[in-house]
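Here's the structure we're looking at; comments come further down.
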Protein chains: 2
Amino acid sequence: MTNPSSATPQPLTCDEEALVRALGQVMHVLPRTIDADMVGDRQLPLTEYTALMNLSETPDRRMRMNELAALCHLSLSGMTRTIIRLETQGLVRRERCEEDARGWNAVLTDAGFARLEESWPSHLAAVRRRFLQHFEGFDLAQLARAFQRAGMAEPTD
Amino acid sequence: MTNPSSATPQPLTCDEEALVRALGQVMHVLPRTIDADMVGDRQLPLTEYTALMNLSETPDRRMRMNELAALCHLSLSGMTRTIIRLETQGLVRRERCEEDARGWNAVLTDAGFARLEESWPSHLAAVRRRFLQHFEGFDLAQLARAFQRAGMAEPTD
DNA sequence: AACCGGTGCTTGATTGGTCAAGCAAGTACC
DNA sequence: GGTACTTGCTTGACCAATCAAGCACCGGTT
C-alpha cells in the first residue's frame with residue numbers, strides 16, 4: 001500500500017541527519033554502558049536501580065505495581081519480573097494492598113535501602129561521566145524540557 | 001547518612017536531575033515508539049531498517065559483517081542474526097568475501113532496496129514526529145556533536 | 001610444509017524485555 | 001444477590017539482544 005500520509009517528504013538536513021544518527025548511537029550505547037559501569041561496581045543493573053530509587057522516594061517506601069511500572073518506563077509484566085528479581089535478593093518485599101485486595105505494594109526493605117545507598121555514587125558517577133559531562137555549556141533546563149516532550153509517546157495513531 | 005566508600009560526590013543539580021530523568025525516559029520509550037510506528041506502517045523494524053540503510057549507502061551495496069555491526073551499534077552475533085532474518089525475507093544475500101575466505105559480505109538485493117525505498121518515508125516521519133520536532137530552535141549541529149561524544153563509549157575502566 | 005596464534009563469523013545458552021491470555025478481586029446493574 | 005464487565009497483576013510463549021565457545025581460515029615461524 002502506498003502511504004497516504006506522506007507525499008514524498010523532504011529529506012533531513014545535514015544537521016538533522018547528524019543528530020539522528022548520533023541519537024541512534026546514544027540510545028543503543030548509553031544504557032548498556034551505564035549498566036555495565038554499575039554492574040561492574042555494585043552488581044545493581046540499571047533497571048533494578050531505578051525501581052529501588054523510585055521506591056525510596058515515596059514517603060513510606062512502597063508503591064503499587066502499576067505506578068512503579070510507569071515511573072520505570074516498563075510494562076506491567078516487566079515490572080513484575082523486576083520486582084521478583086529484587087525480592088529474591090531481599091531488597092524488596094511484597095504486601096497485598098490494604099484498600100484493594102487485587103493490588104500489591106512493592107516495599108523497599110532495609111537491605112534494599114542500604115543497597116541503594118551503596119549504589120548511588122556509582123550511578124551518579126556513571127551518569128555524569130557518560131552523559132552530563134558532554135553537555136556542559138548547554139541550557140540543561142531547556143534541554144530537559146525537550147527530552148520530556150520527546151519521551152511522552154502518544155499512541156501510534 | 002554519609003557514604004564512607006566514596007568521598008560523597010555532589011548530588012545532581014535540579015536541572016541535571018530533570019535532564020537525566022528525561023533521558024532515561026527517552027532511551028526507553030523512543031526506540032520502541034519509532035519501531036512501532038515503522039512496523040505498523042511497513043513491517044520493517046528499526047534494526048533491520050538500519051542495516052538495509054547502511055548497506056544502501058555503500059557504492060556496491062555490500063559490506064563486511066563486522067563493519068556493518070559497528071555501524072548498526074550491534075554485536076557481531078546480533079548482526080549475524082539480523083542478517084539471517086533479512087536473508088530469509090530475500091532482502092539481503094550473503095556472499096563469501098573474495099579477498100578473505102573467512103569473511104562474508106552482506107549484499108542488498110533489489111528487493112531489499114525496493115523495500116527500503118518503501119520504508120523510508122515512514123521512518124523519516126517517525127523520526128521527525130517523535131524526536132526532531134521537539135528540538136526546533138536548538139542548535140542541532142552543536143547538539144549532534146554532544147551526542148556523538150556521549151555515544152562514543154570508552155571501555156568501562 | 002606443518003604448526004600455531006590471531007581473526008571473522010556463527011552457534012548455543014541465557015537474559016531481560018514484550019504481548020496476550022489467565023485469574024482473582026472489585027463494581028455496577030438488574 | 002447473582003451476572004456481566006472491569007481492573008490489577010501474574011504467567012506463558014516468544015523475541016531480539018548478549019556473551020562465550022566453537023569452527024574455519026589466515027599468515028608468520030621454523
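Chain naming here is simple, since letters A, B, ... match the order of the sequence lines and numbering starts at 1 in each. These figures come from a predicted structure and were not determined experimentally. Only this structure's heavy atoms are used, side chains among them; waters, hydrogens and symmetry mates stay out.
- Rounded to whole Å, atom C1' of D:dT11 lies 15 Å from atom CZ of A:Arg85.
- Not a single donor-acceptor contact under 3.5 angstrom links the side-chain atoms of B:Ser75 to the base of D:dC19.
- Computed from coordinates, the B:Leu76 CG to D:dA17 C1' distance equals 13 Å when rounded to whole Å.
- You won't find any donor-acceptor pair under 3.5 Å spanning the side chain of A:Arg102 and the base of D:dT10, going by distance alone.
- For the pair A:Phe135/B:Leu143, a side-chain contact is recorded, criterion being any heavy-atom separation below 4.5 Å from C-beta on.
- The side chain of B:Thr82 places an N or O atom within less than 4.0 Å of a non-bridging phosphate oxygen (OP1 or OP2) of D:dA17.
- The side chain of B:Asn66 places an N or O atom within less than 4.0 Å of a non-bridging phosphate oxygen (OP1 or OP2) of C:dC9.
- Annotation: the terminal axes of the helix from C:dA1-D:dT30 to C:dC30-D:dG1 meet at 10°, where each axis is the rotation carrying the C1' atoms of four end pairs onto the next four (5 pairs per end, rounded to 10°).
- Positionally, the nearest nucleotide of DNA chain C for B:Arg94 lies more toward the 5' end than for the other of A:Glu48 and B:Arg94.
- When rounded to the nearest whole Å, the span between CD of A:Glu98 and P of C:dG26 equals 13 Å.
- Atom-to-atom, CZ of B:Arg64 to P of C:dT10 comes out at 11 Å; the value is rounded to the nearest Å.
- Judged purely by atom type and a 3.5 angstrom limit, A:Ser119 has no side-chain atom pairing as donor or acceptor with the backbone of A:Leu116.
- For a distance-only test at 3.5 Å, the side chain of B:Arg81 qualifies as a donor-acceptor partner of the base of C:dG12.
- A:Gly78 comes within 4.0 angstrom of a nucleotide base, judged by non-hydrogen atoms across all strands.
- For A:Ser77 against D:dC9, a side-chain-to-base donor-acceptor contact under 3.5 Å is absent.
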